[in-house]
Amino acid sequence: MIDLVFLIVFPLIAAVLLLVVSKDSIRDALVKISALLIGIVSLMTLFLYYNTGALYFPVGYQQVSQIIFLVEVFLALFILYLGIKYRKSLAVVLILVQLGLLAYFEMFCSEALHAVQNLFIDQLSIIMALIIGIIGSAIAVYAVGYMGTYHRNHPEVQDRRRTFFFMVFLFISSMFGLVFSNNLIWVFLFWELTTVCSFILIGYSRSEEAVNNAFLALVMNLLGGIAFAGALIYLAGIDPSGNLFEINQLISAGQALAIVPAVLISFAGITKAALMPFSSWLVGAMVAPTPVSALLHSSTMVKAGVYIIVRFSPVLSGSFEGLIIAMIGGFTFLLASAIAISQSNAKKVLAYSTIANLGLIVACAGIGTYKLVWAAIMLIIFHAIAKSLLFLCVGTVENRIGSKDIEDMAGLIVRMPKIAVMMFIGIAGMFLAPFGMLISKWVAIEAFIDAPFGIIFVTILAFGGSITVLFWSKWMGKIISITQYGKRVEGNIRSEKWFVLYLLTSLTVLVCLIFPLISSVLIEPFVLSVYGFTTRLAQDNIMIMVMMLFLLMIMPLSMLFYRNGAKELPPYMGGRPTTPDMKFAGSMGIVRESSFSNYYFEQYCGESRLLMAGTGLCLGLILIGATLLLGVIV
Amino acid sequence: MISILNAVLFIILAPLIGGLIAGIDRKITARMQGRMGPPLLQPFYDVAKLFEKENVVVTPSQNYYVLSYIVFIAVSGALFFSGGDLLLVIFAFTLAHIFLVLGAYSTNSPYSFIGAERELIQIIAYEPMIILSAVGMYMVTKSFFVSDIMNSPIPVIVYLPGIFIGFLMVLTIKLRKSPFDLSTSHHAHQEIVKGVTTEFSGSGLGKIEIAHWYENVFLLGFIYLFFAFNPVIALAAIIVTYLIEIFIDNTFSRVKWQYTIKSAWIVAGTLGIVNLAVLYYLSGVMG
Amino acid sequence: MSYMKKSPWIMHYDASSCNGCDIEVLACLTPLYDVERFGIINTGNPKHTDIFVVTGGINEQNRAVVKNIYDQIPEPKVVVAVGICATSGGVFRECYNIMGGIDKIIPVDVYVPGCAARPESIIDGIVTALGVLEKKRQLMKEPAGKTDVTGGEKK
Ligand code: SF4
């Protein structure tokens with residue numbers, strides 16, 4: 001148990017230290033050492049607990065609960081202060097509502113509560129811990145170098161790196177807390193902590209846009225927080241003894257008792273995972289420095305949202321409310337993928353692809369058959385790795401060429417070959433066989449067929465899946481097109497950045513190689529313990545996938561063979577003689593430069609149009625769900 | 001479950017069969033246009049010639065993409081004929097095409113570029129329908145494995161008429177037949193020169209051509225699955241289908257890409273989904 | 001065995017012809033003459049081309065284009081000048097902007113005379129070009145360095 005406590009408390013201590021230390025070199029060293037330690041200990045949890053099943057640890061409740069209440073009130077007051085300072089009335093109203101709920105809860109319900117098994121670890125927690133501990137801390141290390149460059153490039157932004165790293169480590173700490181807590185009241189605390197952390201990090205630059213987007217994120221997540229608080233009060237109402245606050249007891253209490261809190265908490269999960277209609281906060285969050293985006297999109301924040309829904313998927317499974325949640329996920333997947341086609345800003349494409357994939361995860365978890373939960377967990381793993389890699393690549397490119405527009409990345413393979421290859425692998429990891437995401441989509445298709453109302457989701461996957469092919473491949477195409485005139489600009493990138501990038505790239509490939517192992521050691525036991533059934537890919541298929549992966553890895557060797565000998569000619573330009581940088585004499589002898597850009601299908605995939613459709617659709621679904629829930633409560 | 005022998009046979013025989021089909025295709029096309037047409041073996045002559053020619057490239061890396069294209073097309077076809085998982089076959093197939101598209105992108109040539117974009121549009125136009133076909137077959141035969149579907153005594157076509165029509169629709173796209181030969185065409189020049197293949201010459205182009213033969217054989221094999229309960233009918237169905245495709249090729253002019261994707265999706269979205277929904281309902285009713 | 005002769009793909013370029021010869025070239029593709037009998041395909045893309053068919057006498061505007069297309073055709077390649085304009089400039093020879101014959105710009109292998117050249121003679125010219133093509137291929141296979149295949153020969 002000590003390691004669980006360590007993982008929660010140590011980042012907290014590191015965070016406080018980072019807040020205090022003001023010297024750059026000491027801070028850098030501190031970040032790296034803490035990140036390393038967190039990484040190692042989270043790996044340790046894997047070796048210690050992978051075969052122990054779910055373990056529950058009693059932690060004294062009374063002592064901690066007072067602290068928790070105080071922290072929550074402090075957080076609320078803090079938000080209240082900022083809300084008033086920036087005149088964000090909606091945020092103020094929401095936080096007042098939440099404060100009211102908290103006070104009510106504390107006064108009338110908490111007396112008799114005595115949840116005991118407050119900490120726990122099972123395979124799902126291990127997976128999440130690994131994602132947070134390895135990817136999260138890798139991003140923190142990357143941020144060391146990135147933030148230096150960031151402040152050099154953006155002199156207008158006040159250098160608040162102490163707060164920045166404080167928040168990053170606080171974030172990591174609360175994520176660990178979230179996945180190790182068995183007590184819903186604790187989960188709620190960490191939940192609110194992540195909300196506040198993301199709020200501060202998004203608003204880091206304090207520009208008007210950043211502040212607005214930070215508050216947008218805050219407001220949407222507060223909505224979720226209120227639903228969460230509602231779930232707590234409801235639970236206290238039906239079971240004053242407080243046993244049901246333990247997640248495992250709540251889940252095993254069965255659908256009849258648990259459906260209301262499960263749906264309320266899933267709603268909170270939907271806001272946190274930025275599904276439609278709440279997707280705009282995650283898109284807005286890209287005003288933050290890139291490591292923050294990477295953190296929000298891959299290992300923390302949104303993953304907390306889907307984690308909690310996956311946790312509760314046994315309760316949701318088979319219920320009409322679960323179906324509605326799954327439909328919200330499904331439509332989000334389809335529409336967000338389509339919107340991604342129309343975007344040329346790399347970070348926005350990544351953001352919409354994240355939203356889409358989270359939608360898919362929620363769709364799986366909402367239907368919640370054992371195969372689908374398997375697929376959902378696989379998706380969480382693969383997505384976290386590939387997405388963090390992609391964000392960090394985009395961040396590096398942005399620092400170097402001063403743009404995050406995909407069109408400006410033309411010929412990246414010539415200008416920044418290593419980064420381009422990494423980006424290429426990351427993108428391939430997102431949608432191509434035999435890489436990770438595709439495996440999960442594949443299993444999801446198979447599993448949806450047998451699930452109730454699965455045909456809707458199979459269709460969504462068939463169409464949505466092919467849409468993702470479009471926007472990823474055109475990006476890939478852009479970075480690998482050989483522009484003869486490109487100059488290499490890859491020098492002096494700091495070594496720890498390289499280290500993180502290499503780490504994530506090799507993880508992307510490695511996870512594809514060893515996913516059968518991950519499946520059999522972690523995912524299958526978890527699914528088995530929850531459902532009594534489990535699933536895996538057929539042996540034949542795994543063999544073939546591994547063969548394909550090897551083939552993919554040896555194919556580039558053919559480049560050695562092709563490199564010399566072939567005659568090189570400029571591309572065909574309708575017979576016009578062209579200079580190597582693609583300039584040609586147009587009519588009347590005027591020199592023109594040829595340039596081409598991808599299709600964006602604005603008229604079909606325009607952001608505002610589809611967003612409107614998605615918001616309407618998903619809001620409608622939420623209303624239906626709310627009505628159903630009211631029916632259950634009353 | 002996977003038969004290595006079939007895989008090897010496919011890799012060796014498919015180019016021969018595919019080339020022959022292409023030859024017959026050209027012959028029939030010529031006759032439809034009142035011409036005599038080239039010799040039956042003309043496609044083989046063409047490819048053999050291409051390998052005799054110099055391979056001129058814009059960038060050496062384009063050779064790598066083409067090699068990957070043909071390798072993965074062969075892999076996915078081999079996987080199909082050896083009885084593998086249909087979905088995996090489809091994914092490998094997509095992977096192969098992405099390599100072709102990337103090869104076109106890598107040349108940084110305007111014609112290739114437009115060709116690549118259009119090829120991508122085609123991919124998203126046909127992929128949903130192909131996946132729905134696989135799903136339909138699973139719903140009928142309870143297996144994704146080609147070997148099981150092959151040996152199933154159930155007349156799949158009876159249960160999947162809508163899916164089959166939808167499949168024929170995207171087959172036209174896949175065979176690069178008019179009216180959907182947007183990204184590159186076998187005939188004459190067109191508005192984007194040769195689309196994806198513009199910058200490929202010599203052996204590179206030859207490989208693309210052979211890959212296309214592999215692809216055609218695989219696609220015709222897919223038709224076989226609909227009629228697998230009776231090999232004779234299946235063969236007849238393949239022949240009739242292909243003749244219809246040639247006829248369509250010769251009677252329609254090329255359409256815009258907007259129309260391609262809309263029509264393919266509408267057909268997939270109505271016929272395919274309605275078909276699946278009916279199946280779903282029936283399986284629910286009959287338990 | 002060589003397949004060069006069995007599958008000649010041509011590219012046709014109109015270098016300021018009066019369109020008379022162009023129409024005759026296209027007539028070769030019609031059912032009446034059907035050059036696809038010989039495996040001949042009109043590609044329109046230099047990178048796929050074996051035989052470069054040029055009509056017209058080349059003017060200032062398109063000389064660079066003719067040169068560029070020729071350069072982009074992979075070896076072995078032959079050039080067929082169709083019509084008297086392409087051969088020598090023909091009736092336009094004295095014009096201020098006419099180069100007067102393709103061979104002023106690129107090496108020509110086969111000249112097809114006529115104003116306009118008849119489809120039969122165009123086909124005959126291309127079949128003659130096949131022989132040159134095959135010869136060039138053999139030259140290509142010989143040890144490199146000795147032979148300059150781009151030079152071609154005149155008939
Ligand atoms: S040869 Fe005669 S027909 Fe041909 S281009 Fe010259 S003028 Fe026209």
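In what follows, chains carry the letters A, B, and so on, assigned in the order in which the sequence lines appear, proteins first and then strands, with residues in each chain numbered from 1.
In this structure, the side chains of B:V75 and A:L551 come closer than 4.5 Å at one or more pairs of heavy atoms. The shortest distance between side-chain heavy atoms of A:L557 and B:Y64 does not fall below 4.5 Å.
B:Y105 approaches A:S481 most closely through the heavy-atom pair O-CB, 3.0 Å. Of all non-hydrogen atoms in A:T459 and B:L132, the two that sit nearest each other are CA-CD2, 4.4 Å. Contact detail for A:E446 and B:L87: the closest heavy-atom pair is CG-CD1, 3.8 Å. Taking each heavy atom of B:I121 and A:L470 in turn, the nearest pair found is N-CD1, 4.5 Å. The two residues B:I124 and A:S466 come nearest to each other via the heavy atoms CG2-O, 2.8 Å. Residue A:A451 comes nearest to B:Y280 through the heavy atom pair O-OH, 2.8 Å, listed as atom of the first residue, atom of the second, then distance.
A salt bridge links A:K567 with B:E54: the distance from a Lys NZ or Arg NE/NH1/NH2 to an Asp or Glu carboxylate oxygen falls below 4.0 Å.
Checked against the 6.0 Å centroid criterion, the rings of A:F601 and B:W257 qualify as a close aromatic pair.
Neither the backbone nor the side chain of A:L461 comes within contact range of chain B; no heavy atoms are under 4.5 Å apart. For A:M582, the part lying near chain B is the side chain, with the backbone staying farther off; criterion is any non-hydrogen pair under 4.5 Å. With a 4.5 angstrom heavy-atom cutoff, A:S594 does not touch chain B via any of its atoms. Neither the backbone nor the side chain of B:V101 comes within contact range of chain A, judged by heavy atoms closer than 4.5 Å. Heavy atoms of A:D450 lying under 4.5 Å from chain B belong exclusively to its side chain. When heavy atoms are compared at a cutoff of 4.5 Å, B:A92 approaches chain A by way of both its backbone and its side chain. For B:Y126, no part sits under 4.5 Å from any heavy atom of chain A, backbone or side chain.
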* Asked: So B:F144 and A:W442, ring pair (Phe, Tyr, Trp, His ring centres under 6.0 Å) or not? Walk me through it.
  -> CA-CA 11 Å; B:F144 270 114; A:W442 174 14; 8.6 Å; no

* B:Q258/A:Y604 under side chain to side chain contact (heavy atoms under 4.5 Å, CB included): CA gap, chis, key distance, verdict -> CA-CA 10 Å; B:Q258 287 94 332; A:Y604 301 114; 3.3 Å; yes

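Comparing B:I131, B:N55, B:L67, B:T107 by how many heavy-atom pairs each has under 4.5 Å with chain A, the most go to B:L67. Of the listed residues B:I114, B:I130, B:I90, B:V135, the one with more heavy-atom pairs under 4.5 angstrom with chain A than any other is B:V135.
When the ring-ring contact (aromatic ring centres under 6.0 Å, His included) test is applied to A:F382, no partner is found at least two apart in sequence or on another chain.
Residues of residues 421-432 of chain A that come within less than 4.5 angstrom of chain B, heavy atom to heavy atom, are A:F424, A:F431, A:L432 in numerical order.
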